[in-house]
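Working notes, structure below.
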Amino acid sequence: MKDSVTAAQQTPPAQRSTRDLARAAVSGWLGTAMEFMDFQLYSLAAAIVFDKIFFPDVSPAIGLIAAMATYGVGYVARLAGAVYFGRMGDRIGRKKVLYLTILLMGASTTLIGALPTYATIGILAPVLLVVLRLVQGFGAGAEIAGATVLLAEYAPVKRRGLISSLVSLGTNSGTLAASGLWAILLAVLTEDQLLSWGWRLPFLLSFALMLFAVWLRRGLKESPVFEERPDVVDGVALAKGEVETVIAAADAREGDVLAAGIRQRKGKAFFLALGLRFGQAGNSGLVQTFLVGYIASNLAVGRSVPTDAILYGSLLGFATVPVIGLLGDRFGRRVVYLVLTALTVLIAFPVMLLITSGSTPGVMLGMVLGLNVGVLGLFSLESVTMAELFGSRTRFTQLALAKEIGGILATAIGPVLAATLTAVTGSWWPIAAMLVVYSLITFVSALLAPETRGRDLVRLEDAV
């Protein structure tokens, strides 16, 4: 214990080269891209073909609701993964956890592409689909949180928003890749070909991306913030009792630093982060998942129009995401959050009017606006703000839980609720209303949150 006390008091600054930063940035971007490609592949398949392949003996409306429900169960598993891997990441480091999560996600996604259908094995087919979805979600539950923490902890203070936004670019890249694959399939395959074997190709192709991501992460160095934490000794965080012993043996200044993180009453930062997450997560579930199926089922436009719209919106996102990251670095996180969420509220009903106009240009413009303003812009801010809200001792766990609880409450339940409300009302207005509610929750959270730009991420305590 004496050695632990000494080591905890004398943690040297961790040094990282530009090459280390670049490798961390690519690793974070690629892992998040893979996570979102996997989930977007699944969400698009759920919206376009899974109701026919795995739930063929029900009406189209019930089939869509059932397919969306299998999409939603992955978010329950994500919560379990957030708890398990988040605590592991705070205790033994970010790098080791990110290696495990990429393996789980990649293996389960590949196996979805090899599943037999309902026509082959009956009810066992959707059961196996749900099982693999649960495994996929368990690994994904900590992937984006880990990548977010890693990039924020690697980044220079003045460019933290920009570099952390690469996580959002990863989500955008994954969405783009998945949407591009589905757009190609819808363009070149007949309905019979798509339902018989074409839907499998995107899932099977993800295996190659997994192999590259695993190779890249093998050479990744640990987060410098984790190594500089005063409660970490020999790469492992001290237990609470051990830290209390260190506090008792340390001088007043060092003891106060440790005590601030160990004895702080948690909760305020977590609920603020949950509120910040709500708008982006809810809007994402509506725009990127539900509206794709809704447009294909209810509007007189080509079946490839919604996937093409996501494709174009994702391309524009390569400009939106870094610009929002730069604005957050320049003006602060809070004010940019307020502007984006207010803008989303203002355009929610006009966007839905465009989408339901029945014209292809209207659908395209509405989807592109909704995706970039209400989803990708908020995600760019979320990537850095949530990391800055939490102290380093519990950052991974709290960030993962805030993301996944927000995902369950908004992204997972949202598409099912939207499908039910539109079926009951026979109208599109509940979708616009849900966009407004989600965005207002984030607006209020940003209004109550402190400005976190430039915060020292080595500090153990939360920002509030």
Side-chain angles (χ1 to χ4, degrees), residues 36-37 39-53 60-61 63-65 67-68 71 171-195 198-199 201-202 283-320 344 347-376 411 414-415 418-419 421-423 426-432 434-435:
F36 268 71
M37 187 181 80
F39 263 58
Q40 186 69 2
L41 286 176
Y42 192 101
S43 66
L44 290 172
I48 297 170
V49 298
F50 277 1
D51 57 331
K52 303 176 184 69
I53 295 172
L64 179 60
I65 293 173
M68 289 298 165
Y71 170 77
T171 68
N172 199 37
S173 302
T175 299
L176 179 63
S179 300
L181 284 171
W182 271 104
I184 292 170
L185 292 177
L186 290 170
V188 302
L189 297 182
T190 65
E191 183 79 9
D192 289 341
Q193 289 173 328
L194 186 67
L195 294 176
W199 68 272
L201 295 179
N283 295 346
S284 175
L286 291 176
V287 175
Q288 294 178 262
T289 302
F290 175 74
L291 279 176
V292 173
Y294 180 83
I295 292 167
S297 302
N298 295 275
L299 302 181
V301 296
R303 63 176 185 167
S304 65
V305 169
T307 54
D308 288 344
I310 294 293
L311 184 67
Y312 298 142
S314 298
L315 285 171
L316 181 60
F318 281 99
T320 300
T344 305
I347 69 171
F349 279 87
V351 158
M352 284 307 303
L353 282 171
L354 282 170
I355 290 173
T356 57
S357 65
S359 72
T360 297
V363 172
M364 291 284 188
L365 180 58
M367 291 285 282
V368 168
L369 281 174
L371 180 62
N372 278 270
V373 178
V375 179
L376 296 178
T411 313
L421 290 176
T422 52
S427 176
W428 55 264
W429 68 261
I431 307 170
M434 290 175 69
L435 288 169

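Given the structure is predicted, the values throughout are model-derived calculations rather than measurements. Any value given below was found using the heavy atoms of this structure, including those in side chains, with hydrogens, waters and symmetry copies removed.
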Roughly how far, to the nearest 0.5 Å, is [atom2] of [Y] from [atom1] of [X]?
X	Y	atom1	atom2	value
M352	S427	CE	OG	8.5 Å
L369	I355	CG	CD1	9.0 Å
L365	L354	CG	CG	5.0 Å
L376	T320	CG	OG1	6.5 Å

Shortest non-hydrogen contact from [X] toward [Y]:
X	Y	value
P430	L421	CB-CB, 3.8 Å
A348	L435	CB-CB, 4.0 Å
M434	G414	CE-O, 3.6 Å
L371	G313	CD2-C, 3.6 Å
G362	S357	CA-OG, 3.9 Å
L286	A418	CD2-CB, 3.7 Å

Any side-chain heavy atom of [X] sitting closer than 4.5 Å to one from [Y]?
X	Y	value
I310	W182	no
L181	L201	no
L185	Q193	no

| request: Please lay out, stage by stage, how D308 and M367 fare under the test side-chain contact (heavy atoms from CB on, under 4.5 Å). | output: CA-CA 10 Å; D308 288 344; M367 291 285 282; over 6 Å; no
- F290 and T422: CA distance, side-chain angles, deciding distance, side-chain contact (heavy atoms from CB on, under 4.5 Å) verdict: CA-CA 11 Å; F290 175 74; T422 52; 3.6 Å; yes
